[in-house]
Amino acid sequence: MSVPGVPPPTLLCEPGRAWPMGVVAATTGGRAGLNVAVFARHATAVELCLYDEEGTIETARIRLPTCTGGVWHGFVPGPGVGQRYGLRAHGPWDPPAGHRFNPQRLLIDPWTRSLSGPIARLALEIGHRASAPEQPCGYDNAERMPKARVVDMTAELQAGTAIMPGPDTPMSRTILYEVHVKALTALHPGVPAAQRGTYAGLASPVMLAHYQRLGLTALCLLPVQLHVDEHHLIERGMTNHWGYNTLAFFVPDPRYATPAARGHAQDDAGVRAEFRQMVDTLHRHGIEVILDVVYNHTAEGNALGPTLSWRGLDNASWYALDDHGHHLNPSGCGNTFNMGQAHVVQMVMDSLRWWVQAYGVDGFRFDLAVALGRDPALGQRFNPFGTLFSALAQDPVLARIKLIAEPWDIGPEGYQTGRFGARWHEWNDQFRDTVRAWWLGHACTRGQIARRLAGSNDLFQGSGRSPLASVNMITAHDGFTLADLTAYLNKHNEANGEDNRDGHGHNLSANAGHEGPSDDPAIVQRRLQWRRALLATLFCAQGTPQVLAGDELGHSQHGNNNAYCQDNAVTWLDWAAADEALTAFVAGLGRLRQRYPGLRHPHWFHGEALAGEPTPDIAWRTADGARPDASAWELPDGRLLSCVITVGDGAESPRERLMLILLAGEAALEVQLPEGSWEVVLDSARGWVAGHAGPPAPKVASSLLVAPVTFLVLVQPLPPCKKTTRENPP
């Protein structure tokens with residue numbers, strides 16, 4: 001707010017520069033001040049509004065004097081680091097043309113590195129009249145808006161260099177752990193009370209021990225960029241727990257920081273420091289940090305949503321619109337960034353570099369990544385070589401980081417799994433669905449499960465990538481947990497307040513004859529067998545495994561497969577009720593995968609012996625030891641799959657052969673083994689992994705009786721032999 005009856009003073013403003021973007025401390029001609037650069041191509045004027053330390057009194061309003069290439073810019077002598085500010089943009093109100101300028105709206109700088117103030121009800125800050133959406137509202141909302149704050153960019157980047165560099169784990173040894181910062185530790189009795197649900201709690205000693213026990217190498221954090229709640233959630237008294245509604249793409253969300261780090265309400269320096277400390281601690285314990293980022297849409301929603309930043313600065317430039325000024329919506333969230341606009345791409349790239357340089361993160365998982373490749377020059381069709389992807393491919397700061405795509409959106413031709421570029425890894429929903437179908441009794445052939453077990457060459461080999469491009473998963477934050485996948489046939493999302501209409505209805509789940517919790521020993525046993533078999537398949541398949549946090553504990557969301565708004569005991573992991581036997585089993589799987597190169601081969605299998613090697617790298621077998629014929633691969637009810645894998649680790653020659661047996665049927669089956677003595681190192685039916693659950697299994701030869709719903713791994717040592725170098729490494 002301004003002082004009543006007194007207009008804010010106008011400070012001297014010089015032309016300044018059109019870069020860097022945002023409001024930054026700068027020196028011109030020996031004078032310190034602020035350089036301001038705001039992209040608003042269709043605006044007729046842009047103003048910088050300065051505020052006092054508390055962000056309540058407007059102390060000056062400066063009209064930027066120059067516009068270059070759509071960027072309004074100026075230099076304001078005097079103010080510097082710590083200055084709080086907002087923006088206003090003047091221009092036409094013409095919704096059919098895509099213009100929604102309203103200088104009565106105080107706007108957030110898209111490039112701000114620090115933001116504080118009220119955010120709980122920002123979804124209500126619309127720029128139009130509630131009773132007449134075709135007209136702009138006429139009252140000023142500055143008092144209710146959070147204010148950006150100028151940070152010392154040099155100091156922030158220097159703080160980033162002090163973070164221990166990440167371990168740069170090879171993808172062949174990477175095991176991802178998808179986790180929500182708050183939900184992971186909110187109920188953990190071993191985490192100090194003040195750290196539960198926070199960045200500090202994520203890197204607390206008890207959690208570090210848990211990650212290392214499971215053999216995890218990277219945490220994939222659900223969105224930690226500052227987000228706000230949607231209008232419909234505010235009306236129902238709920239929150240956007242997952243965080244896919246970003247407001248500030250450079251700012252760590254302060255709600256995940258400890259009370260001590262939050263400190264003064266108008267300064268989030270403590271939050272930034274705690275985030276860096278979290279990354280540093282994780283790195284020192286060999287754990288990488290990968291952020292789930294949402295650059296496909298913003299918190300402004302559709303045309304009836306709030307005016308907070310981009311819409312007010314230049315709706316027609318920032319967002320993808322049709323010829324009538326309506327938002328294109330392949331994100332399904334009301335708006336989508338215009339990736340054909342250079343300054344939109346620049347903001348995304350600057351944000352990514354900031355998280356790498358200032359916060360030390362090791363990679364990104366891009367939500368609805370197809371929307372980021374929609375090319376206006378191709379009629380909004382997906383372009384795997386689009387502007388953003390090309391920028392990412394050549395950027396030296398981002399050259400070492402891991403890139404993971406969610407390879408779909410809900411727009412036309414939105415399913416693009418397998419079509420991303422050479423550096424990309426992709427969530428593989430076909431792995432998820434096929435493995436679920438195989439074990440849980442849905443239609444699935446041997447050929448389908450074999451493809452997924454061997455790395456999904458039908459999806460990724462054609463692009464020149466290795467099997468590691470496939471990010472394999474059984475579950476993710478969006479959908480059933482593992483416990484619910486094996487206990488519910490139907491979703492139960494009534495607690496979300498949408499009459500169970502939300503969430504996906506096609507889950508390929510099973511319940512063993514009873515919906516929900518059961519005390520029947522036979523039902524409980526079958527569900528445990530399913531869970532262990534599913535997890536064993538995840539860890540033993542070629543590709544990069546991703547575990548959903550809580551699956552190793554037996555965490556249930558009571559059948560809710562869309563718990564995006566459940567910031568409560570539905571999503572918070574209950575460590576006191578954890579299934580210790582299942583956790584130990586998962587820990588064994590993690591170590592098994594790291595021990596045996598045949599479970600994480602970075603090359604495509606040839607299916608035949610290479611020159612100089614005595615055996616094929618993979619040999620598929622039927623129960624009687626024969627090679628499956630064409631009809632055996634395509635049987636819709638085939639529930640036995642077996643193969644022998646013989647590969648080394650890098651330049652080393654193979655030291656062992658592995659035999660994998662998957663029996664998903666209801667009857668035990670005698671399986672013939674290749675010649676020699678074999679040792680069982682994994683038996684999912686018994687929950688047994690070598691070295692982690694009881695004494696070694698007896699050695700077997702000739703044949704083995706396999707129990708129903710079992711994933712087995714057997715090992716046979718090999719004599720040393722000379723390694724043949726492959727001619728076509730990935």
Distance from [X] atom [atom1] to [Y] atom [atom2], nearest 0.5 Å?
{"X": "F585", "Y": "S684", "atom1": "CZ", "atom2": "OG", "result": "5.5 Å"}
{"X": "L589", "Y": "E552", "atom1": "CG", "atom2": "CD", "result": "11.5 Å"}
{"X": "L660", "Y": "L599", "atom1": "CG", "atom2": "CG", "result": "6.5 Å"}
{"X": "T174", "Y": "D168", "atom1": "OG1", "atom2": "CG", "result": "9.0 Å"}
{"X": "I618", "Y": "R657", "atom1": "CD1", "atom2": "CZ", "result": "13.0 Å"}
{"X": "E426", "Y": "N472", "atom1": "CD", "atom2": "CG", "result": "12.0 Å"}

Just by distance, with hydrogens left out, do [X] and [Y] show a side-chain donor and acceptor under 3.5 Å apart?
{"X": "R591", "Y": "Q594", "value": "no"}
{"X": "Q566", "Y": "N568", "value": "yes"}
{"X": "N496", "Y": "D502", "value": "yes"}
{"X": "Q225", "Y": "Y295", "value": "yes"}
{"X": "W572", "Y": "D567", "value": "yes"}
{"X": "N296", "Y": "D367", "value": "yes"}
{"X": "E274", "Y": "T258", "value": "yes"}

**Request:** Take D649 and R600, measure what salt bridge (Lys or Arg N to Asp or Glu O under 4.0 Å) needs, and give me the verdict at the end.
**Result:** CA-CA 9 Å; D649 193 356; R600 46 179 175 80; 3.5 Å; yes

**Message:** Would E580 and R213 count as a salt bridge (Lys or Arg N to Asp or Glu O under 4.0 Å) here? Give the steps.
**Reply:** CA-CA 12 Å; E580 169 57 27; R213 179 189 182 192; 2.5 Å; yes

**Request:** Apply side chain to side chain contact (heavy atoms under 4.5 Å, CB included) to the pair R400 and V356, showing each step before the final yes or no.
**Result:** CA-CA 10 Å; R400 67 168 183 83; V356 171; 4.1 Å; yes

**Message:** Among residues at least two apart in sequence or on other chains, which ones pass side-chain hydrogen bond (donor to acceptor under 3.5 Å, both in side chains) with N561?
**Reply:**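 Counting only residues at least two positions away or on another chain, N561 forms a side-chain hydrogen bond (donor to acceptor under 3.5 Å, both in side chains) with N493, N507.
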
**Request:** Output all residues satisfying side-chain hydrogen bond (donor to acceptor under 3.5 Å, both in side chains) with Y564, sequence neighbours left out; order by chain, then residue number.
**Result:** H232, E498

**Item:** Neighbour count >12 (heavy atoms, 6.0 Å) for atom CZ, R595
**Value:** no

**Message:** Donor-acceptor check, side chain of H425 to backbone of V471, threshold 3.5 angstrom: yes or no?
**Reply:**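 Here the side-chain-to-backbone pair does not exist.
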
Would you say [X] and [Y] make side-chain contact, with heavy atoms under 4.5 Å?
{"X": "W620", "Y": "L641", "value": "yes"}
{"X": "Y596", "Y": "V713", "value": "no"}
{"X": "L440", "Y": "V435", "value": "no"}
{"X": "E656", "Y": "P597", "value": "yes"}
{"X": "I401", "Y": "R423", "value": "yes"}
{"X": "R532", "Y": "R686", "value": "no"}
{"X": "L202", "Y": "M207", "value": "no"}
{"X": "L482", "Y": "L548", "value": "no"}

**Prompt:** Do you know which two heavy atoms are closest between L214 and T583, and how far apart they sit?
**Reply:** CD2-O, 3.8 Å

**Distance-minimising heavy-atom pair for L368 and D409** = CD2-CA, 4.0 Å

**F275/W355 aromatic ring centres below 6.0 Å** = yes

**Request:** Walk me through it: do H506 and D433 pass the test side-chain hydrogen bond (donor to acceptor under 3.5 Å, both in side chains)?
**Result:** CA-CA 10 Å; H506 182 66; D433 291 352; 5.2 Å; no

**Request:** Could you list all the ring-ring contact (aromatic ring centres under 6.0 Å, His included) pairs where at least one residue sits in residues 455-487, not counting sequence neighbours?
**Result:**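 Passing the test, one end in residues 455-487: W242-H477, Y244-H477.
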
**Item:** Partner of R451 by side chain to side chain donor-acceptor pair (under 3.5 Å), out of T434, N457, T445
**Value:** N457

**Request:** Apply salt bridge (Lys or Arg N to Asp or Glu O under 4.0 Å) to the pair R527 and D484, showing each step before the final yes or no.
**Result:** CA-CA 10 Å; R527 291 175 177 178; D484 291 350; over 6 Å; no

Output all residues satisfying ring pair (Phe, Tyr, Trp, His ring centres under 6.0 Å) with [X], sequence neighbours left out; order by chain, then residue number.
{"X": "F366", "result": "W424"}
{"X": "W575", "result": "H188, H210"}
{"X": "H180", "result": "H241, Y256"}

**Message:** Run L187 and L573 through side chain to side chain contact (heavy atoms under 4.5 Å, CB included) and show every step you take.
**Reply:** CA-CA 7 Å; L187 299 177; L573 304 190; over 6 Å; no

**Asked** Stepwise, does the side chain to side chain contact (heavy atoms under 4.5 Å, CB included) test hold for V279 with Y199?
**Response** CA-CA 9 Å; V279 174; Y199 302 125; over 6 Å; no

